[in-house]
Amino acid sequence: MKEEKKRDMKREILSYVWTIIIACVLAVLVSRFVLINAEIPSKSMECLLTKDDRIFGCRLSYLFEGPKRYDVVMFKYPVHEETIYIKRVIGLPGETVEIKDARIYIDGSAEPIEEDYLPEEWVVGNDGFYFEVPEDSYLMLGDNRNISEDARYWAECAVDDGVETDKEKAQTYTYVKKDKIIGRAILKYYPNFHLFLNV
């Protein structure tokens, strides 16, 4: 009887151990191949995201199609790829993007794009920018344009940080290549819940 109880206890302990191992393996696989868990480090995406918000992104969002304009995406910062940034897609592959008097014009359109997500009047870095987005890349801007370190400044950052010495060549750091996009923001879970639908 004692031997049987010992065997039952061993089986039960072993089943718990296997359950924990399987759960850990699944968690690692989901984290590595499906979800991105991130903490927002700055105020550059206010009002959508504020500093210290916790969010999930999906690594599979762009498996079959590319990012769309206005998607909020996580990507490797072109100047220092070990750093992950989160910004909004503004320019698509092959487009021209002009920033003029706090408005954004695509491919020479007479009408600017709609940007009702900006938290305040855009007064910093709001004029005199012209971008030609390469065919394999995207142009990213933060929502809080007055404080966001985004595509407007990355070429300059590449030179300042010593990553590139030639100002002309540094322009390539302005754009995010498709294969450097990690995923799309899908859910804010802290401090409050918000599902990103058509953000």
Side-chain angles (χ1 to χ4, degrees), residues 38-51 53 55 57 62 66-185 196 199:
E39 182 175 344
I40 304 303
S42 73
K43 297 180 177 182
S44 70
M45 284 300 293
E46 286 185 341
C47 293
L48 180 68
L49 296 167
T50 59
K51 190 175 184 298
D53 281 355
I55 67 166
Y62 303 122
K68 296 178 176 63
R69 194 177 340 275
Y70 305 123
D71 283 359
V72 175
V73 299
M74 288 167 254
F75 55 91
K76 294 179 179 180
Y77 172 41
V79 181
H80 298 290
E81 289 193 356
E82 68 278 5
T83 304
I84 305 304
Y85 270 23
I86 182 165
K87 303 288 180 193
R88 193 179 293 273
V89 175
I90 297 298
L92 302 178
E95 290 184 337
T96 62
V97 179
E98 186 174 8
I99 298 174
K100 191 165 52 177
D101 195 22
R103 299 285 184 271
I104 293 177
Y105 299 86
I106 306 294
D107 289 338
S109 171
E111 292 296 319
I113 63 171
E114 289 290 326
E115 292 199 287
D116 56 1
Y117 43 76
L118 300 184
E120 60 187 10
E121 186 183 356
W122 181 10
V123 296
V124 176
N126 68 353
D127 194 56
F129 290 88
Y130 184 82
F131 305 97
E132 293 181 2
V133 186
E135 287 294 342
D136 62 346
S137 301
Y138 294 82
L139 182 81
M140 310 289 190
L141 296 179
D143 287 359
N144 195 353
R145 303 276 161 78
N146 293 326
I147 65 165
S148 178
E149 184 187 280
D150 51 38
R152 293 169 292 168
Y153 309 115
W154 292 341
E156 188 180 324
C157 289
V159 173
D160 289 347
D161 292 358
V163 175
E164 183 58 74
T165 54
D166 187 301
K167 287 186 178 181
E168 199 64 39
K169 288 181 181 175
Q171 295 306 312
T172 60
Y173 292 91
T174 299
Y175 309 102
V176 177
K177 292 186 181 298
K178 186 175 188 290
D179 63 359
K180 302 302 180 184
I181 295 174
I182 299 167
R184 180 174 185 254
F196 301 134
V199 292

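For the numbers below, each heavy atom of this structure counts, side chains included, while hydrogens, waters and symmetry mates do not.
Looking at every heavy atom in both residues, Asp166 comes nearest to Lys169 through OD1-N, 3.0 Å. For the pair Val123 and Asn126, the tightest heavy-atom approach, listed with the atom from each and the gap, is CA-ND2, 3.5 Å. Between Ala170 and Val159 the shortest heavy-atom distance is CB-CG2, 3.7 Å. Smallest separation of non-hydrogen atoms from Ala185 and Ile86: CB-CD1, 4.2 Å. Smallest separation of non-hydrogen atoms from Ile99 and Phe131: CD1-CE1, 3.9 Å. Taking each heavy atom of Tyr173 and Val79 in turn, the nearest pair found is CD2-CA, 3.9 Å.
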Report the C-alpha separation of Lys87 and Val73 in whole Å, then their side-chain angles, then the decisive distance to 0.1 Å, and conclude whether the side chain to side chain contact (heavy atoms under 4.5 Å, CB included) test is met. CA-CA 6 Å; Lys87 303 288 180 193; Val73 299; 5.8 Å; no

Decide side chain to side chain contact (heavy atoms under 4.5 Å, CB included) for Leu48 and Arg88; before the verdict, give the C-alpha distance in whole Å, the side-chain angles of both, and the deciding distance to 0.1 Å. CA-CA 11 Å; Leu48 180 68; Arg88 193 179 293 273; 3.8 Å; yes

How far apart are the C-alpha atoms of Ile104 and Trp122, what are their side-chain angles, what is the distance that settles it, and do they pass the side chain to side chain contact (heavy atoms under 4.5 Å, CB included) test? CA-CA 11 Å; Ile104 293 177; Trp122 181 10; 4.0 Å; yes

Test side chain to side chain contact (heavy atoms under 4.5 Å, CB included) on Thr174 and Gln171 and set out the steps. CA-CA 5 Å; Thr174 299; Gln171 295 306 312; 3.8 Å; yes

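A donor-acceptor pair is defined here as one N or O able to donate and one able to accept, closer than 3.5 Å; no such pair exists between the side chain of Glu81 and the backbone of Pro78. When atom types are taken as modelled, the side chain of Asp150 and the backbone of Arg152 share a donor-acceptor pair closer than 3.5 angstrom. In this structure, the side chain of Asp71 does not engage the main chain of Pro67 through any donor-acceptor pair within 3.5 Å. Between the side chain of Arg145 and the main chain of Gly142, a donor-acceptor pair closer than 3.5 Å is present.
Applying the side chain to side chain contact (heavy atoms under 4.5 Å, CB included) test to Glu120 and every residue at least two apart in sequence or in another chain returns Asn144, Asn146.
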What pairs of donor and acceptor atoms, side-chain ones from residues 134-141 against any protein atom, are under 3.5 angstrom apart with sequence neighbours left out?
| residue | atom | partner | partner atom | Å |
| --- | --- | --- | --- | --- |
| Asp136 | OD2 | Lys177 | NZ | 3.1 |

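The distance from atom OG of Ser42 to atom CD1 of Ile147, rounded to the nearest 0.5 Å, is 6.5 Å. Distance check, rounded to the nearest 0.5 Å: CG of Asp160 to OH of Tyr153 gives 13.0 Å. Rounded to the nearest 0.5 angstrom, Glu114 CD and Arg69 CZ are separated by 12.0 Å. A distance of 13.5 Å separates OH in Tyr85 from CE in Met45, rounded to the nearest 0.5 Å.
Using modelled atom types and a 3.5 Å distance limit, the side chains of Ser148 and Lys43 yield no donor-acceptor pair. One side chain, Glu115 or Tyr117, offers a donor N or O that lies under 3.5 Å from an acceptor on the other.
Side-chain contact between Val133 and Leu92 is absent, with no heavy-atom pair separated by less than 4.5 Å. Looking at Ile182 and Lys76, their side chains come closer than 4.5 Å, going by heavy atoms from C-beta outward. At a threshold of 4.5 Å between non-hydrogen side-chain atoms, the residues Val163 and His80 count as touching.
Residue-environment remark: NZ (Lys167) stays at or below the threshold of 12 foreign heavy atoms within 6.0 Å. In the displayed structure, Glu39 atom CD is contacted under 6.0 Å by more than 12 heavy atoms of other residues, nucleotides or ligands.
Arg184 forms no cation-pi arrangement with Tyr62, by the criterion of a distance under 6.0 Å to the ring centre and an angle within 45° of the ring axis.
In this structure, the ring of Tyr77 has its center less than 6.0 angstrom from the ring center of Trp154.
Listed by first then second residue, pairs satisfying side chain to side chain donor-acceptor pair (under 3.5 Å) with a partner in residues 98-112 read Thr96-Asp107, not counting sequence neighbours.
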